[in-house]
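The structure under discussion appears below in the form of C-alpha cells.
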Amino acid sequence: MARVTDFAEAGFGTLMEELQWRGLITQSTDPEQLAQALNGDPVTFYCGFDPTAASLHVGNLVQLIIMRHLQAAGHHPIALVGGATGLIGDPRQSGERTLNPKDVVAGWADRLRSQIGGILDTTGDNPVRFVSNYDWTARMSVIDFLRDVGKNFRLGTMLSKDTVARRLNSDEGISFTEFSYQVLQGNDFLHLFDEYHCTLEIGGSDQWGNLTSGLDLIRKVRGETVNVFTSPIITDAREGSSANPRAMRCGWIPRCSVPTASISSGSIVPTRRWGIC
Ligand SMILES: N[C@@H](Cc1ccc(O)cc1)C(=O)O
C-alpha cells in the first residue's frame, strides 16, 4: 500500500490537506496535533459501526471512505462492530430505540463485517482489524463497570452531550440504558488504546459527544492525549448529501473522482475500482 509520505511526494499535499480538500473533517481535536498524527508515522485508528440493521447505510460510506484514505496512507485501521453497543442503542433524536434480540444483532454484526471487508483492505501490510466490543463489555460485572469505568464520568458532562440534551428536552426523555451508551463507547476507546495503542477515533458529526467521552477518559486514567475527528453526516436522501459531494468519490488515489461504491437494494457495492484507477 502507499505510504504516508506518498501524498506529499505525489504533489497532493499531506493526508490532512487531502481530507480537508474533500470536506471530510467537520470537528476535531487541535488541528495541528491532528495533522501531526495524520501526516506522521503510521498510527492505529478506529471507527465503530453498530449492528442496528442487516446492512450498513450510505452514511457509513463516508466513514469507510475516510478509513480507506487513512489505510492507503499507511495507518492501521480497526473496524469495531458494536456487538455490545448494538444491544444498547446510541440515543438518537427521533426517540428511544426498540431493543433487538441478541441473536439477530449477532447475525447483523456478521453481515456488517463482510460489507466493511469489501471496502477496506483485508490483506497487505496494514489490513483492517475487526473487533467487537461485546468481547470486553459482556464479561464486565456491574460492580466493575460502576467502579472502574463509571467513576470517571461526571453527570454534568454526560447531560450536556448534544444527543442526550436534546432527548432530555423532548417529551419522551431518555432511558438510563441509552444514557449510559456514551460510557460504553468511551470505554471502547480506552480498551483499544490499551490493547493496540489506538490513538485516533473517527465518526460522523453526530458522534462528537461519544468520541470526546473516550478522549476524556484516556486523558483521565492514562494521562495521554489522543485525537478524534468527525465528518459530515448525510442527512437527506432526497436532496442529496449534506456532506461535500467530493467526499463520495474514490479515495484510493488522491483527487481521483471515480465513485467509490454504489448502493444497491440497500447494500453497499464497491465499484471494484480500488487500486485500478
Ligand atoms: N456510536 C456509533 C457506533 C460506535 C459504537 C461503539 C464504538 O466504540 C464506536 C462507535 C454509531 O452509532 O454510529
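Numbers here are sequence positions counted from 1.
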Counting only heavy atoms not in [X], do more than 12 sit closer than 6.0 Å to its [atom1] atom?
{"X": "Glu172", "atom1": "CD", "result": "yes"}
{"X": "Lys220", "atom1": "NZ", "result": "yes"}
{"X": "Arg113", "atom1": "CZ", "result": "yes"}

Would you indicate whether the side-chain heavy atoms of [Y] and [X] approach each other to under 4.5 Å?
{"X": "Ile202", "Y": "Val228", "value": "no"}
{"X": "Asp121", "Y": "Val128", "value": "no"}
{"X": "Leu24", "Y": "Phe229", "value": "no"}
{"X": "Phe130", "Y": "Leu80", "value": "no"}
{"X": "Val81", "Y": "Pro51", "value": "yes"}
{"X": "Leu190", "Y": "Val221", "value": "yes"}
{"X": "Met140", "Y": "Val149", "value": "yes"}
{"X": "Gln36", "Y": "Met16", "value": "no"}

Co-members of the apolar cluster containing Val105 [side chain, <4.5 Å]: Leu87, Tyr134
Tyr46: partners by ring pair (Phe, Tyr, Trp, His ring centres under 6.0 Å), with sequence neighbours left out: Phe189
Answer yes when Asp216 and Arg219 have at least one side-chain N-carboxylate O distance shorter than 4.0 Å, and no when they do not.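 The answer is yes: the pair qualifies as a salt bridge.
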Do [X] side-chain atoms and [Y] backbone N/O form a donor-acceptor pair below 3.5 Å?
{"X": "Glu96", "Y": "Ser175", "answer": "yes"}
{"X": "Thr212", "Y": "Leu215", "answer": "no"}
{"X": "Gln63", "Y": "Cys47", "answer": "no"}
{"X": "Arg167", "Y": "Arg92", "answer": "yes"}
{"X": "Thr26", "Y": "Ser205", "answer": "no"}
{"X": "Asn169", "Y": "Arg166", "answer": "no"}
{"X": "Arg111", "Y": "Ala54", "answer": "yes"}
{"X": "Arg139", "Y": "Asp135", "answer": "yes"}
{"X": "Glu178", "Y": "Asp90", "answer": "no"}
{"X": "His75", "Y": "Leu38", "answer": "yes"}

Applying side-chain contact (heavy atoms from CB on, under 4.5 Å) to Leu64 and Arg68, what does each step give before you reach the verdict? CA-CA 6 Å; Leu64 289 166; Arg68 184 75 205 203; over 6 Å; no
Assess the residue pair Trp208 and Asp162 against the criterion (side-chain contact (heavy atoms from CB on, under 4.5 Å)); give the C-alpha distance rounded to whole Å, side-chain angles, the decisive distance to 0.1 Å, and a yes or no. CA-CA 8 Å; Trp208 182 251; Asp162 247 21; over 6 Å; no
For [X] versus [Y], what's the shortest heavy-atom pair and its separation?
{"X": "Cys198", "Y": "Phe193", "value": "O-CD1, 3.4 Å"}
{"X": "Thr29", "Y": "Val226", "value": "CG2-O, 4.0 Å"}
{"X": "Ala165", "Y": "Ser160", "value": "CB-O, 4.4 Å"}
{"X": "Gly74", "Y": "Pro42", "value": "O-CB, 3.3 Å"}
{"X": "Gly186", "Y": "Ser213", "value": "CA-OG, 3.4 Å"}
{"X": "Ser28", "Y": "Leu34", "value": "CB-CD2, 3.6 Å"}

How long is the straight-line distance from [atom2] of [Y] back to [atom1] of [X], given to the nearest 0.5 Å?
{"X": "Phe49", "Y": "Ser132", "atom1": "CZ", "atom2": "OG", "answer": "13.5 Å"}
{"X": "Phe176", "Y": "Ile88", "atom1": "CZ", "atom2": "CD1", "answer": "10.0 Å"}
{"X": "Leu70", "Y": "Leu19", "atom1": "CG", "atom2": "CG", "answer": "6.0 Å"}
{"X": "Asn60", "Y": "Ile65", "atom1": "CG", "atom2": "CD1", "answer": "11.0 Å"}
{"X": "Glu17", "Y": "Ile25", "atom1": "CD", "atom2": "CD1", "answer": "10.5 Å"}

side-chain contact (heavy atoms from CB on, under 4.5 Å) between Leu61 and Ile119: does it pass, once the steps are laid out? CA-CA 9 Å; Leu61 191 53; Ile119 292 183; 3.8 Å; yes
Testing the 3.5 Å rule here: is there a donor-acceptor pair between the side chains of Gln93 and Thr163? no
Flag yes if [X] and [Y] sit in one hydrophobic cluster, no otherwise; membership is Ile, Leu, Val, Met, Phe, Trp, Tyr, and two members link when side-chain heavy atoms are under 4.5 Å apart.
{"X": "Leu15", "Y": "Ile66", "value": "yes"}
{"X": "Ile218", "Y": "Leu200", "value": "no"}
{"X": "Ile116", "Y": "Met67", "value": "yes"}
{"X": "Ile174", "Y": "Val183", "value": "yes"}
{"X": "Leu112", "Y": "Leu192", "value": "no"}

Go through the steps for Gln33 and Asn227 under the test side chain to side chain donor-acceptor pair (under 3.5 Å), then give the verdict. CA-CA 8 Å; Gln33 182 189 299; Asn227 284 297; 2.8 Å; yes
For residues 181-195, which residue pairs pass the side-chain hydrogen bond (donor to acceptor under 3.5 Å, both in side chains) check, not counting sequence neighbours? Asp50-Tyr181, Asn133-Asp188, Trp136-Asp188, Gln185-Glu201, Gln185-Gln207, Gln185-Asn210, Asp194-Arg222
Please test Ile78 against Tyr196 for side-chain contact (heavy atoms from CB on, under 4.5 Å), starting from the C-alpha separation and ending with a verdict. CA-CA 9 Å; Ile78 296 178; Tyr196 305 109; 3.7 Å; yes
